[in-house]
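To start, the structure under review is shown below, and the notes come after it.
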Amino acid sequence: MNRSFFPRVPLAVPYWTRETYRDILRCLISGRVIDGPQLGTLRAQIVEQLGVADALLCGSGSLAIELALRACDVREGDEVVLPTFCCSAVVAPVLAVGATPVLADCGGELNLTVATVQAALTQKTKAIIVPHLFGNPAPIVAIIELVRGRNIRVIDDAAQALGATIDGQPVGSFGDAGVLSFGAEKICFGLGGGALLSRREECIQLNSQVSLSAPNFGSELTNFLSTFTWRCLRRWTWPLKSLLASKSPDSPPAAYRRQAISHLAAVVAASLLRTLVDNISARRASMGLYRELLKNDSRIELIAHGAGSACLTQVIRVLPGHRDDDGAARVIAALRAACYEVQGSYVPIHLMSSFQDCVWDRLPYADRVWADLVELPCEPSVSLAEVERIAAIVKNVAAKI
């Protein structure tokens, strides 16, 4: 097969080291796939690294959001504010507790802002979910101040931003409850799993009484083999994967299960936490180089990241030359032709036909920018030389718009 069939830089390859694979092998040899000591180790690591009172491990980040909502006493008839521009998986947990998802617009950094949250608040608002998209901290402190004394809970969704900080404090540790994820395309991309965080131990104690089913042995092994084959080995398996039916960008996410995290998933997550500093350092180096190389291009708008960003990915907005010009699609096509697997960004939730249970008013910024966005890779596996090549292709396309 011609080498050009294989991507130079595949999309979202997990940062698994030799230690990660060694720990996986030990887990498989011992047969402790479902239960084992690393569950306690992972919980202790999270508590120490994020400075929270306690953490409750569970099977997914989506389930962690549901548990956070229940801990905040969100129930039927309440409204929960969340951004329209984010992973649509955040909607299902809101519906699971009987609440109504209310969609808010995003600001220039593609996160919620105080203004966009305020525009979505009503007398029925009970909670606000604040994701830190692409690893970049949202203004959660200001949002907390906005609703102080109004009996509105703030959930700190750090699913995409593990390791990010605001003035030295880890995201995930703000608000009334926090959420982490070890799922696909996250900073610590493992075998799934999530965690509910709180600075109040009674929040965790309340949720520890929730009945979660045990993971299935066969399903966990299948998940590992699938992740290893299609993600860890993505550079070689991508040609085959690309021939298979792919999910539409506006398809709803798969339903999450109300189950505990497996020992195998905890083993991988614990390993990833130990390499988190190196992981983020490499991401920040890539992002810094993108910004240096692309900062003066009049057709490219770099989505800003704060100093404490975990730098999951660098998003750019390709400014169209005229109304019908799709510059973002041209950039993506050029990069893929050069064997760089990149993608556009989220389809806003209010534009997706599967989410009619959500309510919203006007969302002008998300409507205007979403189709112009391209996500550029910042994974540690992407060398700075590849970053330079990617930036050169982007600049070349932009010059012709």
**salt bridge (Lys or Arg N to Asp or Glu O under 4.0 Å) between Asp23 and Arg274, worked out** = CA-CA 12 Å; Asp23 292 347; Arg274 290 192 290 271; 2.9 Å; yes
**Asked** Between the main-chain N or O of Gly194 and the side-chain N or O of Ser60, is there a donor-acceptor pair closer than 3.5 Å?
**Response** no
**Prompt:** Is any side-chain N of the basic residue among Glu301 and Lys295 closer than 4.0 Å to the acidic one's carboxylate O?
**Reply:** no
**Item:** Aromatic ring proximity, centroids under 6.0 angstrom, Phe85 and Trp370
**Value:** no
**Prompt:** Glu375 and Ser345: side-chain donor and acceptor closer than 3.5 Å?
**Reply:** yes
**Prompt:** Does a side chain donor of either Arg32 or Gln38 reach within less than 3.5 Å of an acceptor in the other side chain?
**Reply:** no
**Prompt:** Is a side-chain donor or acceptor of Thr116 paired with a backbone partner of Thr113 at a separation under 3.5 angstrom?
**Reply:** yes
**From CA spacing to verdict: salt bridge (Lys or Arg N to Asp or Glu O under 4.0 Å), Arg258, Glu66** = CA-CA 10 Å; Arg258 294 179 56 81; Glu66 180 187 331; 2.3 Å; yes
**Prompt:** Between Arg43 and Asp54, is there a salt bridge with N-O shorter than 4.0 Å?
**Reply:** yes
**Prompt:** side-chain contact (heavy atoms from CB on, under 4.5 Å) with Thr227: which of Leu233, Leu191, Thr222, Val268?
**Reply:** Leu191
**Request:** Would you give the length of the straight line joining atom CD of Gln45 to atom CG of Leu273, rounded to the nearest 0.5 angstrom?
**Result:** 5.0 Å
**Message:** Please give me the minimum heavy-atom distance between Gly192 and Ile261, naming the atom from each residue.
**Reply:** O-CD1, 4.2 Å
**Separation of Glu79 CD from Cys358 SG (nearest 0.5 Å)** = 11.5 Å
**Request:** Test side-chain contact (heavy atoms from CB on, under 4.5 Å) on Leu197 and Leu180 and set out the steps.
**Result:** CA-CA 8 Å; Leu197 316 174; Leu180 297 182; 3.7 Å; yes
**Asked** Can you list every salt bridge (charged side-chain N to carboxylate O under 4.0 Å, His left out) pair that touches residues 108-120, not counting sequence neighbours?
**Response** none
**Asked** Can any side-chain N or O of Asn136 pair as donor or acceptor with the backbone N or O of Ala304 at less than 3.5 Å?
**Response** yes
**Message:** Minimum heavy-atom separation for Ile349 and Cys86, please, with both atom names.
**Reply:** CD1-SG, 4.0 Å
**Request:** Answer yes or no: is there a side-chain heavy-atom contact under 4.5 Å between Leu63 and Leu212?
**Result:** yes
**Prompt:** Under 3.5 Å, is there a donor-acceptor pair between the side chain of Trp16 and the main chain of Phe189?
**Reply:** yes
**Side-chain donor or acceptor of Asp35 paired with backbone N/O of Ser262 under 3.5 Å** = no
**Prompt:** Do Asp297 side-chain atoms and Ala398 backbone N/O form a donor-acceptor pair below 3.5 Å?
**Reply:** no
**Asked** What distance do Met287 atom CE and Arg284 atom CZ have between them, rounded to the nearest 0.5 Å?
**Response** 10.0 Å
**Item:** Any donor-acceptor N/O pair, Thr165 side chain to Asp167 backbone, under 3.5 Å
**Value:** no
**Item:** Leu363 side, atom CG; Asp105 side, atom CG - distance, nearest 0.5 Å
**Value:** 5.0 Å
**Request:** Check side chain to side chain donor-acceptor pair (under 3.5 Å) between Thr100 and all other residues, then give those that pass, not counting sequence neighbours.
**Result:** none
**Message:** Please check: side-chain N/O of Asp78 versus main-chain N/O of Lys126, any donor-acceptor pairing under 3.5 Å?
**Reply:** no
**Asked** Judged by modelled atom types alone, do Gln169 and Ser173 share a side-chain donor-acceptor pair under 3.5 Å?
**Response** yes
**Asked** Just by modelled atom types, is the Val33 backbone N or O under 3.5 Å from a matching donor or acceptor in the His263 side chain?
**Response** no
**Item:** Shortest non-hydrogen contact between Leu57 and Ala195, atoms and distance
**Value:** CD2-CB, 4.1 Å
**Request:** With side-chain contact (heavy atoms from CB on, under 4.5 Å) as the test, would you mind laying out the steps for Arg231 and Glu185 before giving the verdict?
**Result:** CA-CA 10 Å; Arg231 290 295 188 168; Glu185 300 183 24; 3.1 Å; yes
